[in-house]
Amino acid sequence: MSHIIVIVGAQWGDEGKGKIVDLLAERFDIVARYQGGHNAGHSVQVGEKSYVLHLLPSGIVHPRKTCVLGNGMVIDPQAFREEVTRLRAQGIEITPHRVLVSSRAHLILPYHRVLDHTSEERLGNERVGTTLRGIGPAYEDKAGRRGIRAADALDPAVLRARIERNLEDANRIIVAYGRQALDAERVFQETWAAVQDLAPFVADTTEYLNRAARTGRSILLEGAQATLLDVDHGTYPFVTSSSTTAGGACIGSGLAPHRITGVLGIVRTYTTRVGEGPFPTEMLGEETEIGNLIRERGREYGASTGRPRRCGWFDAFATRYAAEINGFSSIALTKLDVLDALEEIKVCVGYKLDGRALDSFPAVAQELRRVEPVYATLPGWRRSTLGVTQWEELPEKARRYVEFLEREIGVPIGLISTGPERSQTIIHQHSAIAAWLRD
Ligand code: IMP
């Protein structure tokens, strides 16, 4: 059977999607990204080698897999060129036969990066803490019908005219914030040079993916960022500017909803967040030390920006919300081994606001800042689970922790990751994930 599976992070990102996509990619023909840009950072460990990916899907480290950068993405042609150069130097084959960039994907231009800075400056204390890669401003241009798509940029006359027009508006804001106006000709020359390198990869990926689906090829649709950063369903306005959830996979790839055969949620045994915004289970005050321990054990520093991630307890209330929105068929639980050192582990099972238990996830960031998490406390196992590959070999208390999370989320956990390498994984043989890997 050919599967078309969407992989989505259930929390605020960095759940360890890279490893899981890499693991599944072995059995799939095509790996496609459907949103976001080089704000993402996936680390994939293969034996001694470690690859950091920002734009290219994690399937790229597998020879013979086709990788697609879908129409829902925003692509900085200079970042694309840098990533291709870096990966080629690491021995990865990157050719237009195996990497296709949607002609409908929008481009990030140098002024988008500057606008990302001015927008954050303007927000002051209310800033989002973006990656400053120009993601938001590029999506603003897309929604404002001013964007420049990969296909548009292939014609130098169109590219120059659009840059001139868009830069007139952009420069007004840039100058108002005391920065130097950008020169249209220079922006054009820089962009045009990078577009030359992008051009051979540009293709009609909507047609490509639909033909692949019709002819029974299997496709992994790889989400970036995660559910709580979704522009509609996340903790608005502290979100990214794209549809990160499973519904976004159809929009950002051009595949119809009925084509999707499963949705895999990536859930980490604890929670992190980079950037600003509410985070109910964050380890603060006397729990700061535990947060620091988790950050070090879990290497919780941004792969894109190097920023230290804020760490917190597992939030089952938020994850149930993510499971509902995405319709997870199965869950991959990552980084179990990071918790090995803890004596006790807390899990947030509900939220209270002004003393009342909430039955839905708050829409307003100010409310989310005020919620009181309701915790259950479970005993830690204080034994190494690093590299364990069999469920029965996990300490009993670790198994109880995993089963507790499964009950709280209400979705079967089919895979447990016990270390960064492909082999450091437990797969339940009767799970949907096992079937995706087998059939
Ligand atoms: P932007 O996507 O750069 O506009 O940033 C918006 C928010 O999303 C910020 O809080 C970022 O820290 C967060 N964000 C963007 N990309 C990632 C990611 O790959 N992992 C985790 N957070 C991210």
Side-chain angles (χ1 to χ4, degrees), residues 1-10 15-34 42 44-47 57-68 98 209-223 246 249-250 253 255 257-269 323 326-337 385 387-394 398-399 402-403 405-406 409-439:
M1 185 185 161
S2 67
H3 298 289
I4 300 186
I5 305 298
V6 188
I7 299 196
V8 188
E15 293 88 356
K17 288 184 290 290
K19 167 179 164 173
I20 309 300
V21 174
D22 172 59
L23 200 95
L24 284 167
E26 193 123 37
R27 288 300 183 133
F28 283 72
D29 299 310
I30 299 164
V31 186
R33 270 191 59 185
Y34 57 86
H42 291 161
V44 181
Q45 181 88 29
V46 185
S58 308
I60 197 72
V61 304
H62 288 263
R64 292 183 302 281
K65 303 294 166 186
T66 308
C67 289
V68 170
R98 62 181 303 242
L209 289 172
N210 276 287
R211 183 153 32 90
R214 274 197 311 276
T215 54
R217 299 181 76 203
S218 52
I219 306 172
L220 263 189
L221 293 159
E222 172 182 345
C250 293
S253 68
L255 287 166
H258 74 275
R259 294 277 186 211
I260 309 292
T261 57
V263 182
L264 176 64
I266 313 295
V267 171
R268 192 173 23 191
T269 52
N326 292 295
F328 293 148
S329 359
S330 188
I331 279 178
L333 185 70
T334 62
K335 299 213 175 183
L336 183 68
D337 55 298
T385 60
V388 171
T389 57
Q390 301 299 320
W391 172 250
E392 298 73 29
E393 284 167 19
L394 285 179
R399 277 185 272 149
V402 174
E403 285 166 348
L405 298 194
E406 184 171 70
I409 307 166
V411 177
I413 293 174
L415 181 154
I416 300 158
S417 171
T418 55
E421 290 196 26
R422 278 181 199 163
S423 60
Q424 296 173 314
T425 308
I426 299 169
I427 298 174
H428 285 309
Q429 286 318 313
H430 301 295
S431 66
I433 302 179
W436 299 336
L437 280 166
R438 202 172 43 229
D439 306 335

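Q424 CD to T385 OG1: the interatomic distance, rounded to the nearest 0.5 Å, is 10.0 Å. Rounded to the nearest 0.5 angstrom, I427 CD1 and W391 CH2 are separated by 14.0 Å.
Minimum interatomic distance between T418 and V388 (heavy atoms only, all atoms of both residues): OG1-O, 2.9 Å. Looking at every heavy atom in both residues, R422 comes nearest to D22 through NE-OD2, 2.6 Å. Counting all heavy atoms, side chain and backbone alike, A246 lies closest to N326 at N-OD1, 2.8 Å. Taking both residues in full, the closest heavy atoms of H62 and R98 are given as O-NH2, 2.6 Å, listed atom of the first, atom of the second, then distance.
Formation of a donor-acceptor pair under 3.5 Å by the S329 side chain with backbone atoms of G262 is not found in this model. Between the side chain of R268 and the main chain of G16, no donor-acceptor pair closer than 3.5 Å is present. Between the side chain of E406 and the backbone N or O of I413, at least one donor-acceptor pair lies under 3.5 Å. Although no hydrogens or angles enter the test, the distance criterion places a donor-acceptor pair under 3.5 Å between the side chain of K65 and the main chain of E26. T261 contributes a side-chain N or O that, together with a main-chain N or O of I4, makes up a donor-acceptor pair within less than 3.5 Å.
Between L405 and I331 the shortest side-chain heavy-atom distance does not fall below 4.5 Å.
Defined by atom type and a distance below 3.5 Å, a donor-acceptor pair is missing between the side-chain atoms of T334 and K19. Looking at D29 and S218, their side chains do bring a donor and an acceptor atom within 3.5 Å of each other.
Here R211 pairs with E207 under the side-chain hydrogen bond (donor to acceptor under 3.5 Å, both in side chains) rule; sequence neighbours left out. In this structure E392 satisfies the side-chain contact (heavy atoms from CB on, under 4.5 Å) test together with Q390, sequence neighbours excluded.
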Checking side-chain contact (heavy atoms from CB on, under 4.5 Å) for the pair V31/S58: CA distance, chi angles, key distance, verdict? CA-CA 8 Å; V31 186; S58 308; 5.8 Å; no

